[in-house]
2 protein chains.
Amino acid sequence: MSGHVLYLGFSVRRDQRRTAIVRSAAIFSLTCWRWGRRKMHHVSPFMRRVAQLLPSSGRSSPILDSVGFRSTCLEKGSEILGAGTSVRHVLTIGHGLAMRYRLLPDGSRQVIMFLTAGDICNPHIYPTVIDHGIAAVTPVRIDRFDCESLIGLSNSVVGLNQALWTLAEEQNAIMRNHITSLGRGDARARVIMLLKELSLRLSAAAGQVGPVFIPVTQSLLADAIGVTHIHFNRIIGDMGRRGVIATSRGGILVNSISMLEKLGEDLIVAA
Amino acid sequence: MSGHVLYLGFSVRRDQRRTAIVRSAAIFSLTCWRWGRRKMHHVSPFMRRVAQLLPSSGRSSPILDSVGFRSTCLEKGSEILGAGTSVRHVLTIGHGLAMRYRLLPDGSRQVIMFLTAGDICNPHIYPTVIDHGIAAVTPVRIDRFDCESLIGLSNSVVGLNQALWTLAEEQNAIMRNHITSLGRGDARARVIMLLKELSLRLSAAAGQVGPVFIPVTQSLLADAIGVTHIHFNRIIGDMGRRGVIATSRGGILVNSISMLEKLGEDLIVAA
DNA sequence: CGGTATGTTGAGTACGCTCAACACGAGTGG
DNA sequence: CCACTCGTGTTGAGCGTACTCAACATACCG
């Protein structure tokens, strides 16, 4: 499965051995990994979310569904968009979990935000260069649209442009939350906020209730909130003992979001 | 000047006395503070920046300049947009310095980002509600446009929509830098990054070279990078002794941006 | 001239980092 | 099949940065 693999970055763990975290993936040449039983032309989660924001709310717009896109499946760890890459396509998450991140000169990594199904990878639908990388956290399906098609559509379909702005604003809100979490709040508060945000987004995407599994390694989560994976582990170890979450290899299971929220409120009261 | 003043928030200083930081301002009723010698209908910095991003680059577009807007001047500390406010106008910074911020339940404050002349306060040109406050850091002139006018214009003027997206992406890039700065890097690195970013933006706006004065109190700057104003003071005290900056009441003078950058690089090497 | 907003300095404390090891599962190749 | 490696999770001990509390100094404003 992994023939010629390019090592682009290294994780923060200085366990004397450095570990590759991002593999370059020939995104345009990979054949599509099996995807359920659906053939082609399933509806992209991105378009579904856009349609919900249109004035003719609720019902899916046949015009939007007719827009062509190509799905590509990537294994965990592959690079979706590299920093400095100029893009001529609009990449959206079809399935799975990805992240925006930056690699620093000292070798450490900052996860800027996580992207779930329906999120757009580009900053907008126009061709640009981005200043950060995007990589697959889990196996990911990318739904790739054509810039020109979307631009044309945004000029003709009423409300589409506004819908796109609203979607972008959702990501901005997440970033603002992230800044607030990093700036104020100690490590425990950051962990709680991150887990809460992720579990809410994941459960909303899946349309489920009850326990949510977050398929992200502790190292990655720690890199998002700016603590060491060691300290992160200690914190969630404590939370696990209280039954709020359960740890397992490769992810964290959030038993109850409401308990998580209660824990966060208790933190504020204690302070 | 301050008759009935509404206290909306408190600074972080727990000097036993809490200090009001944000005063509500009747933005729509204030008469315009004197603004140089220009009468009315100067060109808004916002429109100037938009025009530079248009395909017909360089020259100012007469169509854009003809768009009507109203300027309002606010004193330092006044609230420009409150959290949860629904906006029917597009507010842009005409002159001065503002900030996006959040107040937390424990009374502390996180400055999300600073806004300089030409920056847009709204997330986009469509009516929305915002999840954070915007307040004037220095005396500020607000150039207020009509949502409808801009929306109409973005449909007719080619490239305008893309220009707006590009502008928004600039702010996003700043936020990503902020996240990276907060997540990685110790207090000193954060101070250097913040000062560098602000001085670069301010000097670019003024079109000057040489020393840049950042008219922001240490408490505010500290609230931006998530350190106490005490620790912030110690750090810039050290930097002042090295001649990189000079402190004065109500602001910081950055003597040389290149020295600042050098200091930042030395930090990385040392680590 | 007080009152308020800022800036500055000192001392003690604690949270989170560093270094160091070990445990364990999954994948790989002999 | 087992040995081996790599990624990941987990735990312990010591240390340093940044916080807290407390004071004082200075500038601005009515």
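Nothing here was measured: the structure is a model prediction, and the numbers come from that model. Note on naming: letters A, B, ... go to the chains in the order of the sequence lines (proteins, then strands), and numbering restarts at 1 for each one.
Distances shown here put a side-chain N or O of B/Thr247 below 4.0 Å from the OP1 or OP2 atom of C/dT8. For A/Asn233, no side-chain nitrogen or oxygen approaches OP1 or OP2 of D/dG9 to under 4.0 Å. Taking 4.0 angstrom as the limit, B/Gln218 places none of its side-chain polar atoms (N or O) nearer than this to OP1 or OP2 of C/dA5. For D/dC19, the OP1/OP2 oxygens have a side-chain nitrogen or oxygen of B/Thr228 closer than 4.0 Å.
The main-chain N or O of B/Lys196 is never found under 3.5 Å from a side-chain atom of B/Glu261 such that the two would form a donor-acceptor pair.
Distance CZ (A/Arg190) to C1' (C/dC17): 12 Å, rounded to an integer number of Å. The distance between atom CZ of A/Phe232 and atom C1' of C/dC17, rounded to the nearest whole Å, is 16 Å. One atom, CD of B/Glu75, and another, P of D/dC29, lie 11 Å apart when rounded to the nearest Å. At whole-Å resolution of the value, CG in B/Asp238 and C1' in D/dA18 are 15 Å apart. Rounded to an integer number of Å, the gap from B/His231 NE2 to D/dT20 P is 12 Å. Regarding B/His229, its NE2 atom lies at a distance of 13 Å from the C1' atom of D/dC24, rounded to whole Å. What separates CD1 of A/Ile252 from P of D/dT10 is a distance of 9 Å, to the nearest Å. Remark: P of D/dA18 and CZ of A/Arg184 are 15 Å apart, rounded to the nearest angstrom.
Between A/Leu115 and A/Gln171 there is a side-chain heavy-atom pair separated by less than 4.5 Å. Counting heavy atoms from C-beta on, the side chains of A/Leu253 and A/Ile214 never come closer than 4.5 Å.
Within the 4.0 angstrom heavy-atom criterion, only backbone atoms of the sugar-phosphate kind lie near A/Gly250; the bases stay farther away. Nucleic acid contact for B/Gly240: none, since no nucleic acid atom lies under 4.0 Å from a heavy atom of the residue.
Closest-nucleotide positions on DNA chain C for A/Arg249 and A/Gly185 were compared, and the one nearer the 5' end corresponds to A/Gly185. Ranked by how close their nearest DNA chain D nucleotide is to the 5' end, B/Ile230 and B/Ile235 are led by B/Ile235.
For B/Arg234 against C/dG10, a side-chain-to-base donor-acceptor contact under 3.5 Å is present.
Listed candidates were D/dT17, D/dG7, C/dG10. Nearest to the side chain of B/Asp186 is D/dT17.
Within 6.0 Å of CZ in B/Arg188 there are 12 or fewer heavy atoms belonging to other residues, nucleotides or ligands.
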Chi angles and distances behind the salt bridge (charged side-chain N to carboxylate O under 4.0 Å, His left out) call for A/Arg102, A/Asp131: CA-CA 8 Å; A/Arg102 280 222 184 125; A/Asp131 60 358; 2.9 Å; yes
